[in-house]
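Working notes, structure below.
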Amino acid sequence: MNDTTPSPQPSVPVGDHARAAAWRLSVAPMMEWTDRHCRWLHRLLTRRARLYTEMVTTGALLHGDIARHLAFDPVEHPVALQLGGNDPRELAVCARMGEAWGYDEINLNCGCPSPRVQRGAFGACLMEHPRLVADSVRAMRDAVRVPVTVKHRIGIDRVEDYGFVRDFVGTVAEAGCDVFIVHARNAWLDGLSPAENRTVPPLRYEVVHRLKRDFPHLVIVVNGGITTDVQVAEQLRHVDGVMVGREAYHNPWWLATWDATYFGDHSPAADRDAVEAAMVDYMAQVGPTLPGGWYAIARHMLGLRHGQPGARRWRQVWSDHRLKRRPVHEVAALAREALQAAARTPEWPLV
């Protein structure tokens, strides 16, 4: 469990609190991770945090299987669709699709540094073209009534010039965007893999804090390297919201504390066993419709017992490919037996 901290109320006036509360805590869009099954798990844990899809490209929507990319369960609300693209007209069409399917927000990806995305001339590359981003935002805002937001980095390559990101935000804000989700690292477009781009460029939270001071009327959300309640509380002293990435995926039980800690919602908290049981029922229902069966969903909950005695053995059962053809409730019983056996055998690994 994460650090116990005082209530993370901002110590300085931060934006329009009623509006900013919608972005107070969120789970980042993560390719191949935050699909609808992952979001279903996260919604079992937090009713209030904002959830994001994986990035969906305009090409995938305009020329592919729309339902496969956009279908989601109503329990996922509030949920945002993140788009990748660089053509204002195509983005407007896709934003309209997202609104029609019921998404609460359309987010434009201006932060992904992967080579594939660079070849498509979108993602982080767009930060070098703020007018194009502004035109895209304007086109999407004209097409939909839900909020249009932008997720971006604090810079490109190794140039650490605050003026670059300040001017980017200022230009895009003029087009009507008033929510910016800022990954507090530069995107190095050459020489680093996407994974290295999440760790090698240094975190510079002070740049995001400065953006909030310079644009107090905007909702500024910080993203990058935040893994504890202590860190969240510190960030909320300076900005309107925090977006959590990989920690939310690897340690999802943390999300079960968010509603009470960050939204003042003291409804009955989730129970870990009940969450697992709900996921098993969900896998039994949805699994038969998927090429990989329930096994394609189980990977998203492997972190549910992070830190508990026997968690390693429990994970081994759920990830054992030899069991993937067996009924999911039978596998759940095996996993539960492994967990209970570990509790009776203290010398078993505790993680």
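- Ring centroid separation for the pair Y282 and W40 comes in under the 6.0 Å cut-off.
- For E99 (side chain) and R145 (main-chain N/O), a donor-acceptor pair under 3.5 Å exists by modelled atom type.
- Of the possible polar contacts, one joining the D104 side chain to the V79 backbone as a donor-acceptor pair under 3.5 Å is found.
- The pair R336-E276 fails the salt-bridge criterion, with no side-chain N (NZ, NE, NH1 or NH2) lying under 4.0 Å from an Asp/Glu carboxylate O.
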Output side-chain donor-acceptor pairs under 3.5 Å for residues 127-140, partner residues at least two apart or in another chain, one line each.
{"residue": "D135", "atom": "OD1", "partner": "R138", "partner atom": "NH1", "Å": "3.2"}
{"residue": "S136", "atom": "OG", "partner": "L132", "partner atom": "O", "Å": "2.9"}

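- For the pair V207/V165, a side-chain contact is recorded, criterion being any heavy-atom separation below 4.5 Å from C-beta on.
- The shortest distance between side-chain heavy atoms of V232 and Y262 falls below 4.5 Å.
- Counted within 6.0 Å of CD on E32, heavy atoms from surrounding residues, nucleotides or ligands total 12 or fewer; the atom is thus considered open.
- Using modelled atom types, no side-chain atom of E330 and backbone atom of P327 make a donor-acceptor pair closer than 3.5 Å.
- Proximity of a side-chain donor or acceptor of D259 to a complementary backbone N or O of R47 within less than 3.5 Å is detected.
- Looking at every heavy atom in both residues, G98 comes nearest to L81 through CA-CD2, 3.7 Å.
- Formation of a donor-acceptor pair under 3.5 Å by the W23 side chain with backbone atoms of G241 is not found in this model.
- Among residues two or more places apart in sequence or in another chain, the salt bridge (charged side-chain N to carboxylate O under 4.0 Å, His left out) test is passed with R166 by none.
- Identified under the salt bridge (charged side-chain N to carboxylate O under 4.0 Å, His left out) test for residues 73-95, with sequence neighbours left out: R39-E76, D87-R89.
- Using a 4.5 Å heavy-atom cutoff, the side chains of V239 and I220 are in contact.
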Determine, step by step, whether L41 and V275 satisfy the side-chain contact (heavy atoms from CB on, under 4.5 Å) criterion, reporting the C-alpha distance in whole Å, the side-chain angles of both residues, the deciding distance to 0.1 Å, and the verdict.
CA-CA 8 Å; L41 167 64; V275 168; 3.8 Å; yes
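- For A184, the side-chain contact (heavy atoms from CB on, under 4.5 Å) partners two or more places apart in sequence, or in a different chain, are L203, Y205, V208, V222.
- A donor-acceptor contact shorter than 3.5 Å links the side chain of R185 to the backbone of R198.
- Under 3.5 Å, the side chains of D167 and Y162 contain no donor-acceptor pair of N or O atoms.
- Applying the side-chain hydrogen bond (donor to acceptor under 3.5 Å, both in side chains) test to R322 and every residue at least two apart in sequence or in another chain returns D320.
- Evaluation of the ring-ring contact (aromatic ring centres under 6.0 Å, His included) test over residues 76-101, restricted to residues two or more places apart or in two chains, returns F72-H77.
- The minimum heavy-atom distance linking N186 with N197 is given by the pair O-OD1, 3.9 Å.
- Side-chain contact of W314 with Q308: a donor-acceptor pair under 3.5 Å is absent, judged by distance alone.
- A distance-only check finds no donor-acceptor pair linking the side chain of R305 to the backbone of L339 [under 3.5 Å].
- The side-chain contact (heavy atoms from CB on, under 4.5 Å) check on E337 picks up L334, with sequence neighbours excluded.
- The side-chain tip of R24 does not point at the ring of F263 from less than 6.0 angstrom away and within 45° of straight on.
- Between L61 and L70 there is a side-chain heavy-atom pair separated by less than 4.5 Å.
- When the side-chain contact (heavy atoms from CB on, under 4.5 Å) test is applied to A274, the partners found at least two apart in sequence or on another chain are D271.
- Partners of Q316 according to the side-chain contact (heavy atoms from CB on, under 4.5 Å) rule, which considers only residues two or more places apart in sequence or in another chain, are R312, R313.
- The closest side-chain heavy-atom distance from V146 to I106 is below 4.5 Å.
- The ring pair (Phe, Tyr, Trp, His ring centres under 6.0 Å) test applied to Y249 returns W33, H300, not counting sequence neighbours.
- By the salt bridge (charged side-chain N to carboxylate O under 4.0 Å, His left out) test, R299 pairs with D35, sequence neighbours left out.
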Intermediate values then yes/no, side-chain contact (heavy atoms from CB on, under 4.5 Å), C94 and L62
CA-CA 7 Å; C94 293; L62 295 173; 3.9 Å; yes
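- Checked against ring pair (Phe, Tyr, Trp, His ring centres under 6.0 Å), Y295 has no partners two or more places apart in sequence or in another chain.
- Taking CG of L45 as the reference point, atom OG1 of T257 lies at 10.0 Å (rounded to 0.5 Å).
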